Amino acid sequence: MSKEITSREKDYSQWYNDLIIKAGLADYSAVRGCMVIKPYGFALWENMRDQLDKRFKETGHQNAYFPLFIPKSFLSKEAAHVEGFAKECAVVTHYRLMNDPEGNGIIVDPDAKLEEELIVRPTSETIIWNTYKTWIQSYRDLPLLINQWANVVRWEMRTRLFLRTTEFLWQEGHTAHATRQEAIDETIQMLNVYAEFAEEWMAMPVIKGVKSINERFAGAEDTYCIEAMMQDGKALQAGTSHFLGQNFAKAFDVKFSDKENKLDYVWATSWGVSTRLIGALVMAHSDDDGLVLPPKLAPIQVVIVPIYKGDDQKKLVDEKVKLLIEDFKALGVSVKYDDDDSRRPGWKFAEYEMKGVPVRIAIGARDIANNVAEVARRDTKTKEPVSLDGLANTVYTLLNDIQENIYNKAKTFRDAHITIANTWDKFVKLLDEKTGFISAHWDGTAETEEKIKELTKATIRCIPLNNIKEEGKCILTGRPSGERVLFARAY
RNA sequence: CGGGGCGUAGCGUAGCCCGGUCAUCGCGCCACAUUUGGGAUGUGGAGGUCGCAAGUUCGAAUCUUGCCGCCCCGACCA
């Protein structure tokens, strides 16, 4: 056993780190807080990206690309925005290096100071709205529906692989609309795109909701989010969609003439998901033997391992597998035939379990004689002989079953860990002992939310969109409340 | 920035307290052979400025001082 990972029970966060490294998703880098995304991890991201991109285009958006650098002055044009991001910006002050006259390698050339410093984008609202000013004059220019795939930098104090790195990859949609309602509709539409993607592709149930004022995006009027529950009961914000009102239009003076030739500021949204989703995927489904990937996103959906003694048997297996691979390709299933002779089958079994490949097929001379292959599924770790006749079709169905099964498993866990609390004692006890989300009444004030965070480290994850109105008393202050909100400790 | 841990071969480690054949072991790597249905075995081999720098000493991985880096926990956040 060359690759042991820490068990979830022993140390959940160590388990997570071990898994990322040992499954080959990412590596630590020479730069603090920055990671290298390895080919297997990037393949996973590409699959997520491609699917999301398709959905963005289906909903009328186009991709574009805006600069990495933002003039420092842009950031301060929207007051709440600068307040939210100023503390975590990387700043470019010079544009040239030179040899140290004292011979200590290379130094920053003091003569190469920039007139105005450039910020490495932590998000692109400002540079984009500065551009939109020149693109929008009339209602005929609206709606403007743009997305960009990019990297951003946020100088976080503490980082965690995929969940919070200094640099990360994401997409950010930035749209402009003629009316308030249209912008709100867009915000909700994209929230729904995210939720459907999380549930149908990542097999990860999410709760759609709206953020409290404390948790709102810097510069937004409303922040909508999808919240997922990890296996340790902590919450992970998996995506956000912001209704920006006219805040950025006013900050960057973006006005349009409507049909009656009246001037008004445009209405805006922005929405994003990031490589954090990979962290969510890992923590939602994986186990102590490694990753468990949903078939719809797995870079390798099926791996075939040949079992043989000698060249004759190998040749026999090769011939069968060649036909099988054609069947899989016809069904659009990504399949890998691992006939690397330098690794033994047992090694391969363990390796592909670590990498979360949903289905493994082992096939040898004995199987061929019996017209079967051994089919093993990663999610349940069960295996059974399956007829070679129509094997690809059988496995295709199995992949769908696995997708459904891991979703159901995650949902059962999630639902079992959403608990109602009506007293402060129960609230605290649930947080510490049962973990998960707690549905409780809150008096609606930022002070109470702050106080609860201070006392328990739990925050309001969201006010669920499908909330039932219900009179009650705030869990902390006893003041009246009109609906329950979800509290949890979060990543 | 506070608290904790760590830095010895590609990875993981022993040695450090008590300076002197102490650079240990496992995995991995290379070659050959036998193997191949759950992380193979044997034989041989390669690989190390003991994080960096000063100091103490006849002698430092080991003691002293300074510096650097990384990881974990917390505050901040997608």
Side-chain angles (χ1 to χ4, degrees), chain A residues 1-4 6 11-18 21-22 27-35 83-89 122-123 150-172 194 211 214-218 223 225-228 235-242 270-280 289-290 305-311 313-314 317 338-354 360-368 370 372-374 376 381 383 385 453-454 457 459 489-491:
Chain A
M1 299 289 267
S2 62
K3 283 185 170 180
E4 281 281 343
T6 308
D11 185 342
Y12 190 82
S13 70
Q14 192 57 49
W15 164 80
Y16 175 79
N17 287 329
D18 284 357
I21 301 296
K22 292 192 172 153
D27 253 342
Y28 292 107
S29 75
V31 184
R32 188 199 76 94
C34 295
M35 65 177 177
E83 168 80 22
F85 286 105
K87 289 169 298 195
E88 53 188 45
C89 286
T123 180
N151 59 337
V152 288
V153 167
R154 294 182 188 175
W155 215 267
E156 302 287 355
M157 294 179 198
R158 188 162 126 58
T159 57
R160 277 168 76 74
L161 292 169
F162 286 114
L163 298 179
R164 193 178 307 104
T165 46
T166 301
E167 178 189 12
F168 57 95
L169 306 183
W170 76 346
Q171 59 69 217
E172 45 182 326
Y194 289 155
K211 287 290 186 190
N214 281 4
E215 301 281 323
R216 187 182 287 165
F217 175 76
T223 287
C225 63
I226 51 171
E227 291 286 327
L236 185 76
Q237 179 176 305
T240 47
S241 186
H242 313 292
S270 70
W271 28 273
V273 295
S274 72
T275 36
R276 168 180 260 199
L277 286 180
I278 294 177
D289 295 316
V305 177
I307 313 287
Y308 55 92
K309 292 185 171 79
D311 289 345
Q313 289 192 0
K314 175 67 170 29
V317 173
D338 187 353
D339 65 344
D340 179 355
D341 195 47
S342 67
R343 303 286 188 197
R344 299 171 82 257
W347 190 92
K348 293 175 188 171
F349 293 171
E351 182 65 14
Y352 291 109
E353 274 161 19
M354 181 67 80
R360 180 189 72 230
I361 298 174
I363 181 163
R366 200 176 73 201
D367 299 309
I368 292 170
N370 294 329
V372 295
E374 182 192 80
K381 298 211 66 182
K383 53 189 179 185
K453 187 178 177 185
E454 221 173 274
K457 291 178 196 150
T459 49
R489 295 195 175 124
Y491 278 101

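Remember, it's a predicted structure, so these values are computed and weren't measured experimentally. Chain naming here is simple, since letters A, B, ... match the order of the sequence lines and numbering starts at 1 in each.
Annotation: B/U62 and B/G55 have their C1' atoms spaced 15 Å apart (nearest Å). A gap of 24 Å separates the P atoms of B/A53 and B/A14, to the nearest Å. With P as the reference atom, B/C6 and B/C16 are 14 Å apart, rounded to whole Å. Comparing B/G44 with B/C58, their P atoms sit 43 Å apart, to the nearest whole Å. For the P atoms, the distance from B/G42 to B/G4 is 45 Å, rounded to whole Å. Rounded to the nearest Å, the gap between the C1' atom of B/G39 and that of B/C27 is 11 Å.
Figure legend. B/A23 is base-paired to no nucleotide; pairs are counted as Watson-Crick or G-U wobble with both atom distances under 3.5 Å.
Side chain of A/K348 to main chain of A/D340: a donor-acceptor pair is present (N/O by atom type, distance under 3.5 Å, no hydrogens or angles). Checked by atom type and distance alone, the side chain of A/Y308 never pairs as donor or acceptor with a backbone atom of A/I363 at under 3.5 Å. With hydrogens and angles disregarded, a donor-acceptor distance shorter than 3.5 Å links the side chain of A/R276 to the backbone of A/L163.
Protein atom CG of A/L163 is 11 Å distant from nucleotide atom P of B/C72, rounded to whole Å. Taking atom CE of residue A/M157 and atom C1' of nucleotide B/C70, one finds them 19 Å apart after rounding to whole Å.
Judged by distance alone with a 3.5 Å cut-off, no donor-acceptor contact links the side chain of A/K381 to the base of B/G38. In the interface, the side chain of A/R164 is paired with the base of B/C77 through a donor and an acceptor atom under 3.5 Å apart.
If you check every strand for non-hydrogen atoms under 4.0 Å, A/F217 touches nothing.
Nearer to the 5' terminus of RNA chain B, by closest-nucleotide assignment, is the contact made by A/I368 (compared with the other of A/I368 and A/Y491).
The shortest distance between the side-chain N/O atoms of A/R344 and the OP1/OP2 oxygens of B/G37 is below 4.0 Å.
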